[in-house]
Number of protein chains: 2
Amino acid sequence: MANRPVTIKDIAEKLNISVSTVSRALKNNPEISLQTREAVQKLAKELKYQPNPLAVALKTQKSNTIGVVVPQIVSSFYASVVKGIEQVADEFGYQVFVSSSNEKMEKEEKNVNGFLNMRMDGIILSLSRATNTYDHIQKIKDMGVPMVLFDRTSKELEVSKVVADDAAAAHSAVSHLIDGGAKRIAFLTGPEYMLFGRNRMRGYKKALKDKDMTIDETLISRCDFTVEDAKNASLELLKRSNRPDAFFAINDELAIGAIAAAKELGLKIPEEVAVVGFSNSRRSRYMEPSMSTMDQNPKQVGREAAKLLFDQLEDKPGAKDVKEVVVHADLLVRTSSEK
Amino acid sequence: MANRPVTIKDIAEKLNISVSTVSRALKNNPEISLQTREAVQKLAKELKYQPNPLAVALKTQKSNTIGVVVPQIVSSFYASVVKGIEQVADEFGYQVFVSSSNEKMEKEEKNVNGFLNMRMDGIILSLSRATNTYDHIQKIKDMGVPMVLFDRTSKELEVSKVVADDAAAAHSAVSHLIDGGAKRIAFLTGPEYMLFGRNRMRGYKKALKDKDMTIDETLISRCDFTVEDAKNASLELLKRSNRPDAFFAINDELAIGAIAAAKELGLKIPEEVAVVGFSNSRRSRYMEPSMSTMDQNPKQVGREAAKLLFDQLEDKPGAKDVKEVVVHADLLVRTSSEK
DNA sequence: GAAATTATAATGATCGATTAACTTAACCAA
DNA sequence: TTGGTTAAGTTAATCGATCATTATAATTTC
């Protein structure tokens, strides 16, 4: 029953030649006569010979695989990034393995160690929310394994990165709201320690300044990354006498909370409250009303990250320099902010 | 810079013993004196020795990894199944690699071949929508690699499976609608060739019969798996003079379309139109109104599939018999169908 | 026709680990 | 003394492939 896979040895025996000759013949090494080469390749095809990647990797110290660690797998953003990575990896003939840290540092470490153990040729990673030390990342560097960070990165790490220009993205979202007539724009954001939160905050403030509007700190609300929490925070804001007429949320989840709050209070969207989210999640398109949001071009993020990695894998000149690629986000105007 | 990983040989040299002794000592083989064993294990720990899984797998023909192929990765159902699988795999000390077929047979074949090539010890798979031949699945069997199918399976394949009792689930969803007072229940379903569609159809019809209601074939509507299509189909149904007062949809996506249609026509949910979906997608909980749906207990599906696989991997008696485990779905009553 | 050159293929070491088979020394019994 | 047992290792083959080195045969050169 158990069909043992065909090895190079089987081919050698059938043709009465040595394994090394077979190995060379399969690689079209000109040191082997055309006759032999053709005979070997023909038989290999007939027997459906597939090289054993374990053996090849053991011998050559190259596995032709790259590992990707994402914080979550149930996320259209990360799923699209992975697709972008896969596209590029395909071109280079590499297999991609994905694992998720589930926003836990412990799992992230486990995944990284697993990848290193499996001798993967490179690692692309986005830090989990919980990651606060970087020994496991440093270890990748120490082992000389090429690596690229994306999206959730840290300035403490001297590694090539692909990042979003969060400040610019926030700037264009908020400018759009102002252009639509908003006078008091609330900002729903997350915990202070998150880098992208601080960057988007910067963009928010700059957009206001650029239009000579005052920054009202009471309109900035920090919440957990849950719809419920965002809804409560928004309710609180909307019940004030001097309520906001627009919301910019740091992600779609929080924006959904804001919309839920406005609905509950019977406020019209976008006439009385306009909303712009961030991420272009699948939900944002299909909800009622459809939600304006920032599209972060995740596939491109993936492609850029993979390119940086393969530059290193292919030993391109200057590939080892620490680079930072910025991928811009595009504003998608939908019902929730349409004039 | 590139820190070569520590091998068994390094340890052997430092302690002036042979590699085989080191190998045995690390495994606590009693043929090696306690002294030596302790010395080896101590040094191994100090040097942070990690066995090279490639070498181990090559030699032992066991990789301690299992591969999972899912049709989509951006799906809370499959993501949860994977979590369930990972839980069990963790207990057994196996690594799990996941890849997605993206609903394409070609990609599915590629993934399967990749896993077989990597000599994974077992494969858990859910067929893509496009899969219509099974040579690649048969190949897994022929190679004697343990395998379990889940969710999207085929009766043509003699393989252990974990399936949902779709008929029973549909039955309870529809019964719930009837109990809520529905008289004319529309059924939104997909293409005829899908097995789970036929099963849910069976449950739908049986539930009606059980309550002595007549089956009105004009209330059964086939659509693509898109919100738009479902919305259009629902609009058509709801505009009839004799319109349905409830919808049972084969998945949440279609149910969302039905809700969108009812909203557009200004019909009250659930008073004028009740809706029950299927899958308990994340969206179903947070939308307006929150949607009743069937929870398929995906984590349990994963756990059961993994258990079947490990029974085979551990060579438990009778593990090779083709088994079929049924995981039941639970009705989650939310606003869209609440009386 | 002997030497030099070239073409072609075989040998054997190697990657890092496992393991069957064997060695060596110590110990005990008769 | 002889033989048998046991403990504690060592040797060497092996997994499937790669590759530097070496061997052999064929061909060319003078």
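In what follows, every chain begins at residue 1, and chains take the letters A, B, ... in the order their sequences are listed.
- Look at B/Glu46 and B/Lys42 and you find a salt bridge, because one of the NZ, NE, NH1 or NH2 atoms lies within 4.0 Å of a carboxylate O, short of that distance.
- Distance B/Ile32 CD1 to C/dA20 C1': 14 Å, rounded to the nearest Å.
- The pair B/Lys155-B/Glu324 does not meet the salt-bridge criterion, since no charged nitrogen lies less than 4.0 angstrom from a carboxylate oxygen.
- Atom CD1 of A/Ile8 and atom P of D/dC15 are 14 Å apart (whole Å).
- Regarding contacts with the backbone of C/dC15, every side-chain N or O of B/Thr7 stays at 4.0 angstrom or more from both OP1 and OP2.
- Atom CG of A/Leu26 is separated from atom P of C/dA9 by 14 Å (rounded to the nearest Å).
- Counting to the nearest Å, the P atom of D/dA17 and the CG atom of A/Asn64 are 15 Å from each other.
- Side-chain N or O atoms of B/Thr65 include none that pairs as donor or acceptor with a backbone N or O of B/Met120 at under 3.5 Å.
- Distance B/Arg4 CZ to C/dG16 C1': 11 Å, rounded to the nearest Å.
- For the pair B/Gln41 (side chain) and B/Ala25 (backbone), a donor-acceptor distance under 3.5 Å is present.
- The B/Gln61 side chain lies nearest to D/dC15 when the options are D/dC15, C/dT14, C/dA17.
- Using a 4.0 Å heavy-atom cutoff across all strands shown, B/Thr21 reaches at least one base atom of the nucleic acid.
- At the heavy-atom level, B/Gln35 lies nowhere under 4.0 Å from the strands shown.
- Side-chain nitrogen and oxygen atoms of B/Ser23 include at least one within less than 4.0 Å of the OP1 or OP2 phosphate oxygen of C/dT18.
- Look at NZ on B/Lys9: it is 16 Å from C1' on C/dT18, rounded to the nearest Å.
- Applying the 4.0 Å criterion to OP1 and OP2 of C/dA9, one finds that A/Thr36 has a side-chain N or O inside that range.
- Map B/Leu58 and B/Ser20 each onto its nearest nucleotide of DNA chain C; the residue landing nearer the 5' end is B/Leu58.
- Across all strands shown, B/Ile17 has heavy atoms under 4.0 Å from sugar-phosphate atoms exclusively, and none from any base.
- Between A/Lys27 and the phosphate of D/dT18, there is a side-chain N or O to OP1/OP2 separation shorter than 4.0 Å.
- The phosphate of C/dT11 (OP1 or OP2) has no side-chain N or O of A/Ser18 nearer than 4.0 angstrom.
- Judged by closest nucleotide on DNA chain D, A/Pro5 is the one of A/Pro5 and A/Glu31 placed further toward the 5' end.
- Mapping B/Arg24 and B/Val56 onto DNA chain C by nearest heavy atom places B/Val56 closer to the 5' end of the strand.
- In this structure, the side chain of A/Glu108 engages the main chain of A/Ser128 through a donor-acceptor pair within 3.5 Å.
- As a whole-Å value, the separation of A/Leu15 CG from C/dT8 P is 17 Å.
- In this structure, B/Lys59 places its NZ atom 8 Å from P of D/dT14, rounding to the nearest Å.
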